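The first residue in the sequence is number 1, and the count goes up from there. These figures come from a predicted structure and were not determined experimentally.
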Amino acid sequence: MSSTDKVFAGSIPKIYDEYLVPLIFSHYAADIARRVAALAPSTLLETAAGTGAVTRAVAAALPAGIRYVATDLNEPMLAIAAQRQGEDERMSWRQADATALPFDDATFDVVCCQFGAMFFPDRIMGYAEAKRVLRPEGTFVFNVWDRIEENVFADEATAVLGKIFPDDPPRFMVRTPHGYHDKAVIKADLEQAGFRHISIETLPAVSRAPTPEYVAFAYCQGTPLRNEIEARDASKLQAATDAVAEAIRTRHGAGPVEGKIQALVITAQP
């Protein structure tokens, strides 16, 4: 993973929340919320909360009287999550590294994480920390993206940017969001961290947007792909975004567009 892959700063968090969350994250946030609510936790920890897509969905699905702690490594992302959630006495917010959690052992009934494990510099350590803060009968629920070929818009954007920068193609999407999808590897990592009861489910869905331009803007300017484009030639950011939009328009039409997305949903218990 590149050092820039975890940099969600500047205008990226706001664009990410306004464009990318409805494009690809909302469906899976609702899925995580259903799974967490079914576990009926009294104490819940969310790691890598980002701008709060899961936080909002989970909070809406849980009753009064619970304790919900949402964390993220990136303070700008967490600030948006807290602002979007508004006043909620059940909630507390804390900047925290998922691989070094600042909580006591056996504190939470459930730990959840949406599309964060791919960014952990040490996934086994991240999983071990989730296990450490879980109560003995607790559950860890998280998801990761499947391979990029199963995620149409991300794959198409990556292909276009590879043509614009052929000598040094931006590979953020392949390398990190879609770089951790081998079920055997995920299961082995969880087992090494101390989990024994593990299920991994493939969950396809459909990503929809009002225009091709919406999709291109979301990916090229609302993710660390923007950092990669600007590192190569900052003057080409808009041209690169336009090229991705044109490719999507050619393949999917000029009006509302849709493309397959696919993730893996993992539930693990000690």
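- How far CD1 of Ile15 is from OG1 of Thr51: 12.0 Å, rounded to the nearest 0.5 Å.
- Side chain of Asp146 to backbone of Gln262: no donor-acceptor contact under 3.5 angstrom is found.
- In this structure, Glu213 CD and Cys220 SG are separated by 12.0 Å, a value rounded to the nearest 0.5 Å.
- Side-chain N or O atoms of Asn143 include none that pairs as donor or acceptor with a backbone N or O of Leu264 at under 3.5 Å.
- A donor-acceptor pair shorter than 3.5 Å can be found between the side chains of Gln221 and Thr241.
- From Asp72, atom CG reaches atom CD of Gln95 across 8.0 Å, with rounding to the nearest 0.5 Å.
- Under the 4.5 Å side-chain heavy-atom criterion for ILVMFWY residues, no single connected hydrophobic cluster contains both Trp93 and Ile80.
- Cation-pi geometry between Arg123 and Tyr180 is met: under 6.0 angstrom from the ring centre, within 45 degrees of the axis.
- In this structure, Glu18 and Pro22 approach most closely via the heavy-atom pair O-CG, 3.4 Å.
- Residue pairs meeting the side-chain hydrogen bond (donor to acceptor under 3.5 Å, both in side chains) criterion with at least one member in residues 55-64, sequence neighbours excluded: Asp17-Arg56, Glu46-Thr55.
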Show your reasoning for whether side-chain contact (heavy atoms from CB on, under 4.5 Å) applies to Cys112 and Leu44.
CA-CA 8 Å; Cys112 68; Leu44 169 67; 4.1 Å; yes
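- Residues Arg196 and Glu191 meet the side-chain proximity criterion, which asks for heavy atoms closer than 4.5 Å.
- Annotation: cation-pi geometry satisfied between Arg94 and Phe103 (NZ/CZ under 6.0 angstrom from ring centroid, within 45° of ring axis).
- Under a 4.0 Å N-O distance rule, the pair Lys260/Glu149 does not qualify as a salt bridge.
- In Gln83, the CD atom is not crowded: 12 or fewer heavy atoms of neighbouring residues, nucleotides or ligands sit closer than 6.0 Å.
- Checked by atom type and distance alone, the side chain of Asp189 never pairs as donor or acceptor with a backbone atom of Ile124 at under 3.5 Å.
- Contact annotation: the side chain of Leu134 approaches that of Phe195 to within less than 4.5 Å [non-hydrogen atoms, C-beta and beyond].
- Between the side chain of Asp233 and the main chain of Ser235, a donor-acceptor pair closer than 3.5 Å is present.
- Using a 4.5 Å cut-off on side-chain heavy atoms (C-beta onward), Thr223 and Pro177 make no contact.
- Arg35 and Thr139 share no donor-acceptor pair across their side chains, judged by distance under 3.5 Å alone.
- Other residues, nucleotides and ligands contribute more than 12 heavy atoms inside 6.0 Å of the CG atom of Asp105.
- Closest approach of Leu225 and Phe172 over heavy atoms only: N-CD2, 3.8 Å.
- If you take CG on Leu20 and CD1 on Ile24, they are separated by 4.0 Å, rounding to the nearest 0.5 Å.
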Going through the checks in order, is the side-chain contact (heavy atoms from CB on, under 4.5 Å) test met by Met118 and Trp145?
CA-CA 8 Å; Met118 308 91 70; Trp145 289 115; 3.7 Å; yes
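- Pro170 is listed as a side-chain neighbour of Arg232, based on a closest heavy-atom distance under 4.5 Å.
- Of all the heavy atoms in Cys113 and Ala48, the pair that sits closest is SG-CB, 3.8 Å.
- At a cut-off of 3.5 Å, with distance as the only test, no side-chain donor of Asp122 or Thr99 sits close to an acceptor on the other residue.
- Across Ala33 and Ala61, no two heavy atoms sit closer than the pair O-CB, 4.2 Å.
- Rounding to the nearest 0.5 Å places NZ of Lys183 at 9.0 Å from CD1 of Ile266.
- A continuous path of ILVMFWY side-chain contacts below 4.5 Å connects Leu237 to Tyr219, so both sit in one hydrophobic cluster.
- Between the side chain of Arg67 and the main chain of Ser92, no donor-acceptor pair closer than 3.5 Å is present.
- Ring geometry for Phe115 against Phe25 counts as tilted: the plane angle lies between 30° and 60°, on a 0 to 90° scale.
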Which pairs would a plain distance check flag for residues 155-165, meaning a side-chain donor or acceptor within less than 3.5 Å of a matching protein atom at least two apart in sequence or in another chain?
| residue | atom | partner | partner atom | Å |
| --- | --- | --- | --- | --- |
| Glu156 | OE1 | His252 | NE2 | 3.0 |
| Glu156 | OE2 | His252 | NE2 | 3.0 |
| Thr158 | OG1 | Ala154 | O | 2.9 |

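- Taking the side chain as every heavy atom from C-beta outward, Val215 and Leu23 approach each other to under 4.5 Å.
- Across Phe119, Tyr28, Tyr127, a single residue satisfies ring pair (Phe, Tyr, Trp, His ring centres under 6.0 Å) together with Phe142, and that is Tyr127.
- Following chains of ILVMFWY side-chain contacts shorter than 4.5 Å, one can reach Ile198 starting from Val265, so the two form part of one hydrophobic cluster.
- Formation of a donor-acceptor pair under 3.5 Å by the Arg132 side chain with backbone atoms of Leu101 is found in this model.
- Distance alone, capped at 3.5 Å, places no donor-acceptor pair between the Arg249 side chain and the Thr211 backbone.
- Considering only heavy atoms from C-beta on, Asp104 stays 4.5 Å or farther from Val133 through its side chain.
- Inspection of the Gln85 and Asp88 side chains reveals an N or O donor paired with an N or O acceptor under 3.5 Å.
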Determine, stepwise, if the pair Ile186 / Ile200 fulfils side-chain contact (heavy atoms from CB on, under 4.5 Å).
CA-CA 9 Å; Ile186 295 168; Ile200 303 177; 4.1 Å; yes
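- Contact check for Glu228 versus Arg175: side-chain heavy atoms found under the 4.5 Å cut-off.
- Heavy atoms only, all atoms of each residue included: Met77 and Pro13 are closest at SD-CB, 3.6 Å.
- To the nearest 0.5 Å, atoms CG (Asn151) and CE (Met173) are separated by 8.0 Å.
- Put simply, the side chain of Arg84 never gets that close to the backbone of Gly52: no donor and acceptor are under 3.5 Å apart.
- Residues Val144 and Val21 fall within the same hydrophobic cluster, defined by Ile, Leu, Val, Met, Phe, Trp and Tyr side chains chained together at heavy-atom separations under 4.5 Å.
- Linking ILVMFWY side-chain heavy atoms closer than 4.5 Å, directly or via other members, places Met125 and Leu73 in two distinct hydrophobic clusters.
- Shortest non-hydrogen contact noted between Met91 and Ala59 is SD-CB, 4.5 Å.
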Begin with the C-alpha distance, continue with both residues' side-chain angles, and end with the deciding distance and a verdict on side-chain contact (heavy atoms from CB on, under 4.5 Å) for Val257 and Arg208.
CA-CA 6 Å; Val257 294; Arg208 294 182 174 89; over 6 Å; no
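- The local environment of CZ in Arg171 is sparse, with at most 12 non-hydrogen atoms from other residues, nucleotides or ligands closer than 6.0 Å.
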